[in-house]
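In what follows, every chain begins at residue 1, and chains take the letters A, B, ... in the order their sequences are listed. FYI, side chains are in, hydrogens and waters are out, and symmetry mates aren't considered; it's all heavy atoms of this structure.
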Amino acid sequence: MINITFPDGVIRQYENGVTALEIAKSISEGLARKVLAAKVNEQVWDAARPITEDASLKLLTWDDNDGKSTFWHSSAHLMAEAVENMFPGVKFWVGPPVENGFYYDMDLGDRKINEEELEYLEKKMSELAKQNNSYIRKEISKPDAIQYFTEKGDEYKLDLLQGLEDGKITFYTQGNFTDLCRGPHIPNTGLIKALKLTNIAGAYWKGDERNKMLTRIYGISFPNQKELDEYLHMLEEAKKRDHRKLGKELGIFTMDDDVGPGLPLWLPNGTIIIEELEKLAKETEEAAGYKRVVTPHIAKESLYLTSGHLPYYKDDMYPPMELEGVRYYLKAMNCPHHHKIFAAEPKSYKDLPLRLAEYGTCYRYEQSGVLFGLMRVRCLHMNDAHIYCSKEQFFEEFKAVNDMYLKYFAIFGIEKYVMRLSLHDSAKLGQKYVDEPQLWKETEDLVREVLIKTNTPFIEVPDEAAFYGPKIDVQIWSTIGREFTLATNQVDFAQSRRFKLAFTNKDNQPEIPLIIHRAPLGTHERFIGFLLEHYAGKFPVWLSPVQVKILPLSDKFVAYANDVKNKLRQAGIRTEIDERNEKIGKKIREAELSRVPYMLVLGEKEMNEEKLSVRRQGKGDLGQQSIEEFTNIIVEQISERKG
RNA sequence: GCCGUUGUAGCUCAGUGGCAGAGCACUUCCUUGGUAAGGAAGAGGUCGUGAGUUCAAUUCUCAUCAACGGCUCCA
């Protein structure tokens, strides 16, 4: 007999060799039907695998992330079975679970899969699932495994085997499909009740662009149809929030073939948002002691040779234009220009910290395949600044930057983000990273301390730092689930040396400043793209391109509407009138759809009493207010950036 | 950049080897109304671009550009 310890601490005895599934059955049949896998001694196992020693046990169901992953991993095997059935001779690479579902990478030779065949595959998978086949685990020796895949002519699995140790190799078989796999898997295919193959894509073998491109099929599966329906519904809803769709509907930006890919045209409504963001940034930065500068859009090649961006960054820059025998580049970043401003006059410790801010446009020749609405563009307005400071000042400066991030996030109500602390690898000092072990340690410790002190959730990523110092990237997700760096805060030890930047310290000695590169609002493009999705187009009043829409009941009240409009405009409120000869219901509907925060319905009653009937977007009729009352409320909401 | 899909009216989308279609938006007229779509008429397209096949191409073929879904890469 062996002792099994349950999550609640209860210990029960079972026959040696009992499986998690049998244990579940001993508790209840209903539970047994839901068990997908088990956590045995903190390792995820097949629920059908015999337990042969004392162990802790947690039964995993759909409600556990590990349960879901196992379910999707098994679904990938089911898909592979269907694919092999349809395309004999197909070779498989890997088929892991991902955040939403699973995929399998495969080499189909010259074959291609089209949409129809995808549907057929889906049906085939459902059929195979209904066969209720068990996923059978088998330990196999490395030579036997090699023989199996050599006979099959599958060089991909043979490649995979090379990296595996003999004695730790397992095969899994369900139905007619056998795969090299570490597992674990769900008990049987019958648990997969609902599935959808979502898309076909290319994917480089081993994720290396020099390698062959394999075919990747993505899918998702569920233990019941209802969950699949809900998931598909959620996807539909997410598509409605897509900034590309909202950006068009709300007149924020547009793209034009003649202008070029990745070069958005900001429409009047979008420009208002840019200006409001800049106003916020200017206020915030002025209060924080920043100075604003303006620099040209181009510079000579020599500037980027000095900075070190060429040749490392060359592929990401527009090709140079040559004038009078000199090559000029469109700027992809502001830092070199700012360093030249620092260097323009001798600096003393009394000038520090020097904080130079600029919202100029930069141009990056992003690969055509990565362009994505406003989130990834080739013309970007950075909310950029560089802080030059002494070693002693660095800690305060970095913390101040972090506080600024958090202040912004509070204003916008941004809660779902992860700060990624990118650290160096000490083994690569002097190669990938500047050889300043002490500075690395000090600044990394500080950055971590700042994050902990401000209760900011963050993850640490080793060997991801910039060559010049550690950095914090703020990761967010677009509504369709793509991850982006929204903002970045970087420490730089290196560029001051390259530009020979120095200041005279208290001891009358030259000293090299530290630099902080920071962009708390990232770029206007990505930030506004993000905000569109974050607010689902329903911007707070201060950001709304149109803050108040006046809806006269008929043309008899247009004159009164104009009076009201003039008064609101005098108070700085962006106001428009819908003078069209339409019924009030239609005007309201369209104003609601255009996400104007406030609508004023004006008719006989309002005109006679000098009042307004106020309607809030998404909330409905708020009743009557005087012009003064209403103006005061809106002005306050705008000035406090709330509401 | 690579793999795959798509490109028809301002928007969302039908459709066909033989004169180009709908709904919404737009213009005009009627309607002057009370909190999410009043009615009628009209205008609007070299079917992404360029070649080829054909008596005839928006439709078939090739090339090219762009967008979309991924991969690689990044704010």
### Message
Please tell me whether A:T295 and A:K331 have a donor and an acceptor in their side chains that are separated by less than 3.5 angstrom.
### Response
yes
### Task
Using whole Å, report how far CE of A:M599 lies from P of B:rU35.
14 Å
### Query
Checking all strands, does A:Q617 fall into the base, sugar-phosphate, or nothing category for heavy-atom contacts under 4.0 angstrom?
nothing
### Task
Tell me the stems RNA chain B sits in, counting at least three consecutive Watson-Crick or G-U wobble pairs, each under 3.5 Å on both distances.
B:1-7 with B:65-71, B:10-13 with B:21-24, B:26-30 with B:38-42, B:48-52 with B:60-64
Detail all sub-3.5 Å separations between protein N/O atoms and N/O atoms belonging to nucleotides 64-71 of chain B.
unit_1: B:rA66; atom_1: O2'; unit_2: A:D257; atom_2: OD1; d: 3.3
unit_1: B:rC68; atom_1: OP1; unit_2: A:R244; atom_2: NH1; d: 3.3
unit_1: B:rC68; atom_1: O3'; unit_2: A:R244; atom_2: NH1; d: 3.4
unit_1: B:rG69; atom_1: OP1; unit_2: A:R244; atom_2: NH1; d: 3.3
unit_1: B:rG69; atom_1: OP1; unit_2: A:R244; atom_2: NH2; d: 2.8
unit_1: B:rG69; atom_1: OP2; unit_2: A:R244; atom_2: NH1; d: 3.1
unit_1: B:rG69; atom_1: OP2; unit_2: A:R482; atom_2: NH2; d: 3.4
unit_1: B:rG69; atom_1: O2'; unit_2: A:N199; atom_2: ND2; d: 3.0
unit_1: B:rG70; atom_1: OP2; unit_2: A:R482; atom_2: NH2; d: 2.6
unit_1: B:rG70; atom_1: O3'; unit_2: A:Y218; atom_2: OH; d: 3.1
unit_1: B:rG70; atom_1: N2; unit_2: A:G202; atom_2: O; d: 3.4
unit_1: B:rC71; atom_1: O4'; unit_2: A:G202; atom_2: O; d: 3.2
unit_1: B:rC71; atom_1: O2'; unit_2: A:Y204; atom_2: N; d: 3.1

### Query
With a non-hydrogen cut-off below 4.0 angstrom, is A:E582 in contact with a base, only sugar-phosphate, or nothing?
base
### Query
What integer number of Å spans the P atoms of B:rU6 and B:rG48?
14 Å
### Task
For A:E278 and A:H524, test the side chains for any donor-to-acceptor distance below 3.5 angstrom and give the result as yes or no.
yes
### Query
Any side-chain heavy atom of A:E579 within less than 4.5 Å of one from A:D555?
no
### Message
With no hydrogens and no angle check, just 3.5 Å: does a side-chain donor-acceptor pair link A:E610 and A:Y560?
### Response
no
### Query
In terms of the angle between their ring planes, are A:H73 and A:H77 parallel, tilted or perpendicular, with boundaries placed at 30° and 60°?
perpendicular
### Query
From the list B:rA37, B:rG33, B:rA75, which nucleotide is the closest neighbour of the side chain of A:K583?
B:rG33
### Task
State, with a plain yes or no, whether a side-chain heavy atom of A:L303 is found less than 4.5 Å away from one of A:H337.
yes
### Query
Is A:E366 side chain donor-acceptor paired with the B:rA75 base, going by distance under 3.5 Å alone?
yes
### Query
Please give, in whole Å, the distance from B:rU28 P to A:R580 CZ?
12 Å
### Query
B:rA36 phosphate, OP1 or OP2: any side-chain N/O from A:K549 under 4.0 angstrom?
no
### Query
A:Q367 has a side chain; which of B:rU72, B:rC73, B:rG34 sits nearest to it?
B:rU72
### Query
In whole Å, what separates the P atom of B:rA75 from that of B:rA36?
47 Å
#### Entry: Donor on one side chain, acceptor on other, A:T488 and A:D473, under 3.5 Å
yes
### Query
Quick one: on RNA chain B, does A:L486 or A:K245 contact a more 5' nucleotide (nearest heavy atom)?
A:K245
### Message
Nearest to the A:K586 side chain among B:rA36, B:rU32, B:rG38, which nucleotide is it?
### Response
B:rG38
### Query
With under 30° as parallel and over 60° as perpendicular, where do the rings of A:F253 and A:H243 fit, or are they tilted in between?
parallel
### Query
In whole angstroms, how far is the P atom of B:rA75 from the NE2 atom of A:H381?
19 Å
### Task
Return the value, rounded to whole Å, for the distance between atom CZ of A:R210 and atom P of B:rC73.
11 Å
### Query
Counting side-chain heavy atoms from CB outward, which of B:rA75, B:rA36, B:rU35 is closest to A:S613?
B:rU35
### Message
Suppose we call two aromatic rings close when their centres sit under 6.0 Å apart. Are A:Y329 and A:H309 close by that rule?
### Response
no
### Message
On RNA chain B, compare the nucleotides closest to A:L602 and A:E590; which residue's is nearer the 5' end?
### Response
A:E590
#### Entry: Quiz item: A:E604 side-chain donor-acceptor pair to B:rG33 base, under 3.5 Å
no
### Query
Does a distance-only test, which skips hydrogens and angles, find a donor-acceptor pair under 3.5 Å between the side chain of A:R364 and the base of B:rC73?
no
#### Entry: Inter-nucleotide C1' distance (B:rC73, B:rA20), Å rounded
44 Å
### Task
Could you state the atom-to-atom distance from NZ of A:K556 to P of B:rG34 in whole Å?
11 Å
### Message
For a 4.5 angstrom cut-off between non-hydrogen side-chain atoms, does A:Y156 reach A:K212?
### Response
yes
### Query
Which whole number of Å gives the distance between the P atom of B:rA37 and that of B:rC47?
38 Å
#### Entry: Euclidean distance, atom NZ of residue A:K587 to atom P of B:rG38 [Å, nearest integer]
12 Å
### Query
C1' atom, B:rC24 versus B:rC68: distance in rounded Å?
23 Å
#### Entry: Integer-rounded Å distance: B:rU12 C1' and A:K239 NZ
14 Å
### Query
If we take the P atom in both B:rU46 and B:rU8, what is their distance in whole Å?
13 Å
### Separation between the C1' atoms of B:rC2 and B:rG21, rounded to whole Å
38 Å
### Query
Are A:F222 and A:Y231 near enough that their ring centres are under 6.0 Å apart?
yes
Under 3.5 Å between N/O atoms: give me all the protein pairs with nucleotides 40-47 of chain B, atom names plus distance.
none

## Note on the structure
Per ring pair (Phe, Tyr, Trp, His ring centres under 6.0 Å), A:Y104 is matched among A:F92, A:W72, A:Y218, A:W93 by A:F92
### Message
Does either side chain, that of A:Y598 or that of A:R616, offer a donor lying less than 3.5 Å from an acceptor on the other one?
### Response
yes
### Geometric cation-pi criterion, A:R482 with A:F372: 6.0 Å, 45°
yes
## Note on the structure
Taken to the nearest whole Å, CZ/A:R615 to P/B:rG34 is 15 Å
### Message
Can you check the distance between B:rU27 and B:rG50, where both ends of the measurement are the C1' atom (answer in whole Å)?
### Response
36 Å
